[in-house]
Amino acid sequence: DVQLQASGGGLVQAGGSLRLACTASGFTSADYTIGWFRQAPGKEREFVAAINWSGSTTFYEDDAKGRFTISRDSAKKLVVLQMTNLKPEDTGVYYCGSAPGIFTVVSRYDAWGQGTQVTVSS
């Protein structure tokens with residue numbers, strides 16, 4: 001089974017930065033996408049950014065463009081979401097998940113890490 005674990009969340013002020021990391025293991029195929037999703041209380045899980053395991057294709061939610069960067073280190077089995085210029089609306093639990101293809105739709109993801117809390121104060 002694919003195993004994922006998110007880390008790196010914390011409490012920051014608006015305009016600050018955080019680096020989230022997702023460790024990934026157990027893939028049986030290289031044709032996977034690793035995505036980051038944010039879930040706020042009472043809301044559904046929302047797409048933030050994704051990258052295919054080869055690193056050749058990336059996707060970003062509109063508000064993340066220019067602020068967040070997703071990258072991967074295949075040797076370390078690691079996907080990183082570098083977040084800058086954080087806004088209070090970025091607050092939520094960030095989950096990394098995997099999908100057997102290239103997807104940004106949450107329903108396509110079939111493995112998840114536990115998530116890491118990101119809180120951005122005004």
Side-chain angles (χ1 to χ4, degrees):
D1 292 346
V2 175
Q3 297 182 359
L4 305 164
Q5 182 60 54
S7 63
L11 173 63
V12 299
Q13 294 183 346
S17 300
L18 283 173
R19 179 183 180 272
L20 306 185
C22 176
T23 59
S25 64
F27 290 110
T28 59
S29 172
D31 186 22
Y32 271 78
T33 298
I34 305 298
W36 285 96
F37 293 78
R38 178 184 62 248
Q39 188 164 25
K43 296 184 178 180
E44 64 184 19
R45 196 167 295 185
E46 298 178 339
F47 170 76
V48 177
I51 187 170
N52 70 321
W53 191 241
S54 70
S56 62
T57 307
T58 59
F59 303 90
Y60 295 95
E61 181 269 329
D62 285 345
D63 193 50
K65 295 177 181 177
R67 300 191 300 125
F68 298 176
T69 301
I70 189 168
S71 60
R72 67 95 179 84
D73 184 334
S74 59
K76 296 181 178 180
K77 299 180 179 179
L78 187 69
V79 172
V80 171
L81 184 67
Q82 179 66 50
M83 305 189 295
T84 62
N85 194 24
L86 284 162
K87 306 173 182 178
E89 50 263 46
D90 295 320
T91 293
V93 178
Y94 282 70
Y95 298 88
C96 60
S98 65
I102 302 176
F103 296 106
T104 61
V105 179
V106 66
S107 62
R108 297 294 189 177
Y109 286 73
D110 56 14
W112 298 95
Q114 288 184 293
T116 185
Q117 176 71 44
V118 171
T119 303
V120 184
S121 62
S122 300

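Just so it is clear, the structure is predicted and the values come from calculations on it, not from any experiment. Numbering starts at 1 and runs along the sequence shown.
For the residue pair L18 and Q82, the shortest heavy atom distance occurs at O-NE2, 3.5 Å. S17 approaches N85 most closely through the heavy-atom pair OG-N, 4.3 Å. A21 approaches L78 most closely through the heavy-atom pair CB-CD1, 3.7 Å.
We find the CZ-OG1 distance between F68 and T84 to be 7.5 Å, quoted to the nearest 0.5 Å. Rounded to the nearest 0.5 angstrom, T23 OG1 and L4 CG are separated by 7.0 Å. Between atom CD1 of residue I34 and atom CH2 of residue W53 there is a gap of 6.0 Å, rounded to the nearest 0.5 Å. Here CD1 of I51 is found 12.0 Å from CH2 of W36. Values are rounded to the nearest 0.5 Å. The structure places CZ of F47 at 9.0 Å from OH of Y60, a figure rounded to the nearest 0.5 Å. Rounded to the nearest 0.5 Å, atoms OH (Y109) and OG1 (T104) are 6.5 Å apart.
Screening residues 69-122 for disulfide bond (SG atoms under 2.5 Å apart), with sequence neighbours left out, gives C22-C96. A disulfide bond (SG atoms under 2.5 Å apart) check over residues 41-79, counting only residues at least two apart or in different chains, returns nothing. For residues 113-122, every residue pair satisfying the side chain to side chain donor-acceptor pair (under 3.5 Å) rule, not counting sequence neighbours, is listed here: Q117-T119.
Heavy atoms from other residues, nucleotides or ligands lying under 6.0 Å from CZ of R67 number more than 12.
Cluster membership check: I70 shares its hydrophobic cluster with V2, using side-chain heavy-atom separations under 4.5 Å among Ile, Leu, Val, Met, Phe, Trp and Tyr. There is a path of hydrophobic side-chain contacts, each under 4.5 Å, that joins Y94 to V79.
For the pair R38/D90, a side-chain contact is recorded, criterion being any heavy-atom separation below 4.5 Å from C-beta on. Side-chain contact between R108 and T33 is absent, with no heavy-atom pair separated by less than 4.5 Å. Under the 4.5 Å side-chain criterion, counting only non-hydrogen atoms from C-beta, W112 is in contact with V106. Proximity of F59 to I102: side-chain heavy atoms (C-beta onward) are separated by under 4.5 Å at one or more points.
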### CA sep, side-chain torsions, deciding dist, call: V48, M83, side-chain contact (heavy atoms from CB on, under 4.5 Å)
CA-CA 11 Å; V48 177; M83 305 189 295; 5.8 Å; no
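Between D62 and K65 there is a salt bridge, with a side-chain nitrogen of the basic residue lying less than 4.0 Å from a carboxylate oxygen of the acidic one.
Under the 3.5 Å distance criterion, the side-chain polar atoms of Q13 are left unmatched by any main-chain donor or acceptor of G16.
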